[in-house]
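Source: prediction; values computed, not measured. Letters A, B, ... are given to chains in the order of the sequence lines, protein chains preceding strands, and every chain is numbered from 1.
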Number of protein chains: 2
Amino acid sequence: MPVTIADVAREAGVSKTTVSRVINTKGEVDVGTATRVREVIASLGYVPSSGAVGLARGSSRTVGMLTPPLTWPWMGAVLQGVVDTVEAAGYGLLLFTCNRGAESVEHFTSQVSARAFDGLLVIEPENTLGTITAMHRKGLPVVLIDDRGHHPEFPSVATTNREGAASAARHLLAAGRSRPLIITGRRHFGCVADRLKGFLEVLPTELIAEGDFTELSGRLAVERQLATGRHFDSVFAHNDLSAAGALRALRSAGRSVPDDIAVVGFDDIPMAEHTEPPLTTVRQPMREMGERAAGMLLAHLGGEAAPDEPVVLPTELIVRRSAPMP
Amino acid sequence: MPVTIADVAREAGVSKTTVSRVINTKGEVDVGTATRVREVIASLGYVPSSGAVGLARGSSRTVGMLTPPLTWPWMGAVLQGVVDTVEAAGYGLLLFTCNRGAESVEHFTSQVSARAFDGLLVIEPENTLGTITAMHRKGLPVVLIDDRGHHPEFPSVATTNREGAASAARHLLAAGRSRPLIITGRRHFGCVADRLKGFLEVLPTELIAEGDFTELSGRLAVERQLATGRHFDSVFAHNDLSAAGALRALRSAGRSVPDDIAVVGFDDIPMAEHTEPPLTTVRQPMREMGERAAGMLLAHLGGEAAPDEPVVLPTELIVRRSAPMP
DNA sequence: CTGAAAGCGCTTACAG
DNA sequence: CTGAAAGCGCTTACAG
């Protein structure tokens, strides 16, 4: 039903080969012929079938991306960075999410989807790393975004978790805070260990509550700490969501931020500007991470060797009112 | 290099036809043969090439999605709804963004990408509607998400903008507010006209400021209104971002929310829970919209007739402290 | 229950 | 500068 290259060829009175050549501007073609072919293409509204092109060329000019839930507050930025980069290179982006746990990963792997893309971008695969590694070993180019501490055998891009946390600690220290409460993410994440280490090296404390990156866990951590009656003068939360929870708990308890207690988060999600007071936080360049990861994958597909060291992008301390400049 | 159906056939001592049959569980196959083939598939790690399958079958089992910037606060929810639905049906999702304006739409259209998908999901195409309509007329199934007032010739899913705004007005009225300031989005959006109308029918006012859905525009609208000295006792913002701006401006000016001025937003983005005070808002079921739109497209691809009326999902008033129950 | 062969819509040496 | 033909990896009537 749709118009094919054969239709164009017939209409223009040339061979399919010639049509293909003008489309891909490959090899010499008579200027007159080329114009005529182009006119026919336009008038017929011809668009090459990507399936056929991919089959013939042996590549799909598409990259896949496997993501955690898209409702995570920083996913939009990463995704935007990836899409921009991929699109600018004339590639397509095939999106997968592993919401439904291991089952959906199986699905993902064995689906026709495999080989629908030339390379794969992965964010925080959790229980997926084994599968991904297997695919990588079979020859699928893979780049990991925001490695959380599993050091995979493929390239990855990360941020300076340790140094970022250290900068938060230095900031609090400079503001005269000496008894911080740390609200971590799940301990098995590599980034959590790094942030903990970076912070503690600068500003040691034994007030450490394990959270899970949710607003609720931040709120609970502060409530429990207040209940113990043990003094603290600041909070360092491992992400902005739990920092927002901490802010809320402090306000409910009648503590003033930052006068009584300063609060620093991590991520700089859009919400961080809008909490009360606005949140001082360690910014992760999520969009840039998406761009870099996509760029690395594309370069690899283009034949460049993959870097064997993880690419590490710098964090930046964003100072707002929850922990102002001293 | 990768293993093909021919490799499997050879290894299992059968024809490609038979392999294809066991993969697609089509036609009768001897149980023994089937098991053997499956073993070979597993041991070789064979995965069909989606390009070849699509070419042979004439469909790609992939849907495309054209989106505005992914950093918009409610995009994650829509996208998640779409991905879940599409994945559950065994389809892939190809993501496109029209960041770079008309040029990127051209690109999008004429790219190999066209025909890489069987159907297209579109959010708020702005200047793209013409192109999309043309593609639709050529036979591409299209579903529009969150129609903003261009009533296209293809199916769409929307929310009850008018009734949602009316519910906000009734809520303010019940709380004894009679002088609202309305902060709209761009006037040429259909949803803006609907929200304006729905609100004004219940609670007329001549205090109307045109905004553009940004935090800044909400802040400025309130600042200007305060500068005029004209009294107002509430704000109805056409989205949560500008409502957040309004909250900030009111706080800076020393006005108490909700005591002096009640504020109601629209959308219920994740941030709405975390403003100070938390925002009363008209919730749009973004995730459900994504699910429904994807479901409609899939059903259409499956042969069902497209509904000729837009599907309209109900909004819901979420009451928080910025405009509490009377 | 199974296979040989044609065909899906392209690209790419190979000839000319 | 141009074309005929083979081939990419599948599926699908058609025969048996």
**OP:** Would you sketch DNA chain C in dot-bracket for me? Only Watson-Crick or G-U wobble pairs with both distances under 3.5 Å count, crossing pairs as [ ], other-strand pairs as |, the rest as dots.
**Re:** |||.||||||||.|||
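None of A:Met289, A:Glu288, A:Met286 except one satisfies the side chain to side chain contact (heavy atoms under 4.5 Å, CB included) rule with A:Thr159; the exception is A:Met289. Checked against B:Tyr91 for a side chain to side chain contact (heavy atoms under 4.5 Å, CB included), the options B:Thr85, B:Val83, B:Val63 give a single hit: B:Val63.
Side-chain N or O atoms of A:Thr67 include none that pairs as donor or acceptor with a backbone N or O of A:Thr97 at under 3.5 Å.
Across the protein-nucleic acid pair, A:Ile5 atom CD1 and D:dG3 atom P stand 12 Å apart, rounded to whole Å. Between the CG atom of A:Leu55 and the P atom of C:dC10 there is a distance of 12 Å, rounded to whole Å.
At a non-hydrogen distance threshold of 4.0 Å, A:Thr33 from residues 32-40 of chain A come into contact with DNA chain D.
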Which atom pairs, one a donor and one an acceptor, fall under 3.5 Å between side chains of residues 13-20 of chain A and the rest of the protein, sequence neighbours left out?
{"residue": "A:Ser15", "atom": "OG", "partner": "A:Thr17", "partner atom": "N", "Å": "3.4"}
{"residue": "A:Ser15", "atom": "OG", "partner": "A:Thr18", "partner atom": "N", "Å": "3.2"}
{"residue": "A:Ser15", "atom": "OG", "partner": "A:Thr18", "partner atom": "OG1", "Å": "3.3"}
{"residue": "A:Ser20", "atom": "OG", "partner": "A:Asn24", "partner atom": "ND2", "Å": "3.4"}

**OP:** Start with the C-alpha gap between A:Arg10 and A:Asp7, add the side-chain angles, then the distance that decides, and say whether side-chain contact (heavy atoms from CB on, under 4.5 Å) holds.
**Re:** CA-CA 5 Å; A:Arg10 190 179 327 111; A:Asp7 300 324; 3.4 Å; yes
Could you list, one pair per line, each protein nitrogen or oxygen that sits under 3.5 Å from a nitrogen or oxygen of nucleotides 12-16 of chain C, together with the distance?
{"residue": "C:dT12", "atom": "OP2", "partner": "A:Lys26", "partner atom": "NZ", "Å": "3.1"}
{"residue": "C:dT12", "atom": "O4", "partner": "A:Thr17", "partner atom": "OG1", "Å": "3.3"}

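Here A:Ile123 contributes atom CD1 and A:Met65 contributes atom CE; the two are 3.5 Å apart, rounded to the nearest 0.5 Å. With rounding to the nearest 0.5 angstrom, the CG atom of A:Leu144 is 9.0 Å from the CD1 atom of A:Ile132.
In terms of position on DNA chain C, the residue among A:Thr4 and B:Asp30 whose nearest nucleotide sits closer to the 5' end is B:Asp30.
Aromatic ring orientation, B:Phe213 versus B:Phe189: parallel (interplanar angle below 30°, classes split at 30° and 60°).
Under the rule for a ring-ring contact (aromatic ring centres under 6.0 Å, His included), A:Tyr46 has no partner lying at least two apart in sequence or in another chain.
Sorted by first and then second residue, the side chain to side chain donor-acceptor pair (under 3.5 Å) pairs involving residues 290-310 of chain B (not counting sequence neighbours) form an empty list.
Checking the phosphate oxygens (OP1, OP2) of D:dC10, no side-chain nitrogen or oxygen of B:Ser49 falls inside 4.0 Å. Taking only side-chain nitrogens and oxygens, B:Thr18 comes nearer than 4.0 Å to OP1 or OP2 of C:dG3.
Of all heavy-atom pairs between A:Ala12 and A:Val37, the closest is CB-CG2, 4.2 Å.
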